[in-house]
Number of protein chains: 2
Amino acid sequence: MNEPPILLDAETRAQEHPADHRAELRLWLRMLTCTNLIEGEIRARLRRHFGVTLPRFDLMAQLEKAPEGMTLGELSRRMMVSNGNVTGLVERLLESGHVERRAHPSDRRAVVVALTPTGRHVFAGMAAAHAEWIAELTAGLAPADVAQLMRLLGRLKSHVKEVAHG
Amino acid sequence: MNEPPILLDAETRAQEHPADHRAELRLWLRMLTCTNLIEGEIRARLRRHFGVTLPRFDLMAQLEKAPEGMTLGELSRRMMVSNGNVTGLVERLLESGHVERRAHPSDRRAVVVALTPTGRHVFAGMAAAHAEWIAELTAGLAPADVAQLMRLLGRLKSHVKEVAHG
DNA sequence: GCCTGTTCCTTCAAGTATAAAATATTTTTG
DNA sequence: CAAAAATATTTTATACTTGAAGGAACAGGC
């Protein structure tokens with residue numbers, strides 16, 4: 001054997017020397033299952049109880065943390081979705097009267113979006129229910145489990161950010 | 001004080017007696033961030049390297065585990081997406097020649113879908129790269145971390161399933 | 001056999017999502 | 001200051017996704 005140490009791109013290497021990544025794959029699939037299950041349940045409950053979609057709730061949740069409003073770009077980054085997506089979401093939330101647009105004080109390219117008083121009030125009710133639901137769905141975990149998960153996921157998150165961007 | 005023990009629905013109770021669910025909420029947001037980051041990276045790489053979308057990859061991944069094929073309903077359940085969604089995905093994968101439809105042996109309502117030889121070959125390459133990518137993205141975790149996460153997420157998953165369905 | 005309820009799939013409308021191109025404005029640079 | 005580069009948003013094309021409604025086929029009891 002004694003193969004020479006040739007550098008290959010990931011695909012070629014993967015096909016010729018398939019390492020054992022089963023544990024990591026299974027972990028990834030389980031993470032995906034968990035988030036899909038929770039997200040699906042939250043989505044259904046938001047629709048049933050408040051007639052609102054999850055993306056709109058998420059957008060309002062970002063705005064709620066910024067009383068002065070936020071630019072579309074900031075929203076896009078925080079929600080981790082594309083710019084065009086935010087444009088459309090804001091458009092629909094404008095129509096329903098939950099958010100309003102303001103001129104940016106110093107940058108005429110930018111648009112600031114903020115919750116309306118109505119939007120703020122509506123969101124408060126949804127957020128309280130949402131918190132209860134998340135607590136209900138994660139009630140299978142002891143406080144120590146929650147802390148442990150936070151720590152491990154924190155480790156994962158910072159590594160993924162390194163690999164993906166930096 | 002000494003309020004009477006009246007039973008209220010979740011929304012009302014949440015607004016009037018907001019319990020402290022901050023830890024659980026933060027955990028949920030962190031989980032969401034992790035999966036979104038990884039999913040986004042995998043989606044971009046699949047597109048860049050293979051010109052395929054993540055949903056199509058996911059569908060083919062299910063079929064690869066079923067050499068004899070699988071009904072649309074089974075696909076829908078395993079992928080945790082709606083029926084109509086699967087119909088559309090299969091339609092597009094039929095056009096590209098990655099999957100084929102077969103008659104169900106005993107149930108004329110059902111449709112069986114299976115990978116074509118081409119689809120199987122194409123998927124093999126994508127799956128190998130995908131496994132490498134997942135390993136790369138989760139490399140920030142020690143083997144013990146992976147095992148611990150599997151355990152905790154397993155606990156979460158089974159509880160969520162209970163709450164959501166049963 | 002028929003009736004009833006269920007399951008399997010498709011269709012549809014609305015909404016969500018990406019990537020890429022286009023536009024407008026700001027900032028940087030030479 | 002003018003040109004170039006960078007930024008903020010919108011637009012476009014395409015694809016994905018859901019939830020709900022509908023039609024076809026199955027399964028059971030009568």
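This is a predicted model, so every value here is computed, not measured. Chain letters run A, B, ... following the sequence lines, proteins first and then strands; every chain starts at 1.
In this structure, the side chain to side chain contact (heavy atoms under 4.5 Å, CB included) partners of E91(A), at least two apart in sequence or on a different chain, are T87(A). When the salt bridge (Lys or Arg N to Asp or Glu O under 4.0 Å) test is applied to R102(B), the partners found at least two apart in sequence or on another chain are E100(B).
With ring centers used as reference points, H21(B) lies 6.0 Å or more from W28(B). When ring centroids are compared, F57(A) and F50(A) stay outside the 6.0 Å threshold.
Using a 4.0 Å cut-off on heavy atoms, the residues of residues 94-108 of chain B that approach DNA chain C are R101(B), listed by number. Residues from residues 57-76 of chain A placing a heavy atom under 4.0 Å of any atom in DNA chain C do not occur.
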I need a per-nucleotide contact map over nucleotides 13-20 of chain D, read 5' to 3'. Cutoff is protein heavy atoms under 4.0 Å; write B for the base, S for backbone only, - otherwise. --SSSBS-
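With hydrogens and angles ignored, the 3.5 Å screen pairs no side-chain donor or acceptor of S76(A) with any backbone N or O of L72(A). Put simply, the side chain of H104(A) never gets that close to the backbone of M70(A): no donor and acceptor are under 3.5 Å apart. Side chain of R47(A) to main chain of T53(A): no donor-acceptor pair is present (N/O by atom type, distance under 3.5 Å, no hydrogens or angles). Panel note: side chain D58(A), backbone P55(A); no donor-acceptor pair is recorded below 3.5 Å.
Residues M60(B) and L115(B) are in side-chain contact: their nearest non-hydrogen atoms beyond the backbone lie under 4.5 Å apart. The shortest distance between side-chain heavy atoms of V122(A) and H98(A) falls below 4.5 Å. In this structure, T116(A) and H121(A) have side chains that are not in contact, with every pair of non-hydrogen atoms separated by 4.5 Å or more.
Extent of DNA chain C lying under 4.0 Å from chain A heavy atoms, first and last nucleotide in 5' to 3' order, is dG15(C) to dT26(C).
Between atom CZ of residue R92(B) and atom CG of residue L59(B) there is a gap of 10.5 Å, rounded to the nearest 0.5 Å.
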